[in-house]
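In each ligand, atom 1 is the first atom listed, and ligand 1 is the first ligand listed. Just so you know, these numbers use all the heavy atoms, side chains as well, and skip hydrogens, waters and symmetry mates.
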Amino acid sequence: MIELAKRVGNREAGEGLLFERSSGIAVGSLLTVQQLTVADVAGILATAARLEAMAAAERARLLAGRTIALLFYESSTRTRTSFELAAKSLGAMTTLVSDKSSSIEKGESLKDTGLTLRALGAEAIILRHPASGAPSLLARMTGLPVLNAGDGMHQHPSQALLDLRTILQRLGMDESTVDAKTLAGVTVVITGDIRHSRVARSNAMLLPRLGARVILCGPVELLPETALGLETHAGPPLEIERDFERALAQADVAMMLRIQKERLAGVALDLGEYVERYQLNAERLARLAPKAVVMHPGPIIRGLEIAGDVADCAQSAIELQVAQGLAVRRAVLVRAMGVTA
Ligand code: CP
């Protein structure tokens with residue numbers, strides 16, 4: 001396709017798609033938060049707001065007649081459903097391929113699955129995969145825009161964008177003019193299984209670029225000093241605080257993470273002790289952070305990293321986060337399909 005392409009500035013156009021010349025990855029792919037400039041982030045949030053304000057019938061014309069595939073090698077409720085509903089609300093046809101009910105079970109490779117979806121008319125693929133970097137590989141192998149719906153312990157960029165929109169809304173900030181200082185003075189404390197968390201990695205790389213102070217909190221088993229490649233971000237430096245109560249007392253936003261039991265093999269963690277030291281419970285919240293916004297990407301494990309009454313309390317933005325998934329994923333889908341909204 002690149003050979004057929006017509007050059008457009010530093011990008012190339014071919015068969016209706018734009019490609020980055022050096023990488024062969026279709027423009028509009030969303031692979032990591034690092035690939036996004038602050039202006040890109042601002043553009044996505046502005047598009048999300050415009051799409052939200054649009055009449056449903058007008059919105060449903062934007063991707064009418066287009067086909068989007070969801071390819072999921074790991075379980076998901078929020079990400080899969082919101083991407084699917086977002087695509088449908090834009091008028092696109094969707095198809096879901098899951099590792100549990102497809103020829104992936106028979107050994108078909110990621111490449112062949114991607115090429116099969118492309119041959120069937122998919123114009124973009126939303127991929128969740130247990131291997132870090134799989135979305136990038138798929139984008140190169142198919143030439144289609146790929147949206148990373150979570151890859152291993154690496155990245156979950158659409159989650160970080162929806163978390164950003166949630167923070168802006170709950171703190172009463174203007175979503176339409178996001179820049180490198182928008183979150184200056186805002187402290188976000190991310191607590192829990194940071195070692196295994198693609199959500200933590202994406203948020204820790206995105207939020208400081210908008211000026212936020214980010215404190216990472218957890219025991220050494222779940223937060224090694226080198227867990228995130230701490231040197232790779234821009235903005236205020238990431239901080240580590242092992243004492244949850246000291247961290248919580250500084251939080252404008254308390255983002256709790258699930259203990260990922262499925263990734264804990266070989267990690268010596270006493271869950272009783274973890275609950276004692278790190279659970280966000282009502283007493284701690286009232287005493288240390290009575291005004292903080294409580295967030296969690298889900299799924300939540302009530303009674304482990306967060307008490308059930310905290311998840312349900314007025315400070316909790318957990319359901320708002322889920323709702324923002326629809327708004328933000330609509331925006332990244334129109335971007336992927338090269339449609340101006
Ligand atoms: N936050 C998140 O990725 O949730 P799911 O695993 O349910 O998609």
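The side chain to side chain contact (heavy atoms under 4.5 Å, CB included) test with Leu168 is passed by exactly one of Asp174, Leu45, Val186: Leu45. Checked against His156 for a side chain to side chain contact (heavy atoms under 4.5 Å, CB included), the options Thr79, Asn203, Asn148, Val33 give a single hit: Thr79.
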Donor-acceptor pairs under 3.5 Å, side chain of residues 325-336 to any protein atom, not counting sequence neighbours: which ones?
unit_1, atom_1, unit_2, atom_2, d
Arg329, NE, Ser158, OG, 3.1
Arg329, NH1, Ser82, OG, 2.7
Arg329, NH2, Ser158, OG, 3.1
Arg330, NE, Ser89, OG, 2.9

Result block: side-chain N/O donor-acceptor pairs under 3.5 angstrom for residues 290-298, not counting sequence neighbours:
unit_1, atom_1, unit_2, atom_2, d
His296, ND1, Gly298, N, 2.8
His296, NE2, Glu305, OE2, 2.7

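Scanning for ring pair (Phe, Tyr, Trp, His ring centres under 6.0 Å) contacts around Tyr274 gives Tyr278, with sequence neighbours left out.
Within 4.0 Å of ligand 1, protein heavy atoms come from Ser76, Thr77, Arg78, Thr79, Arg128, His156, Gln159, Pro297, Gly298.
Side-chain contact of Thr32 with Gln155: a donor-acceptor pair under 3.5 Å is absent, judged by distance alone.
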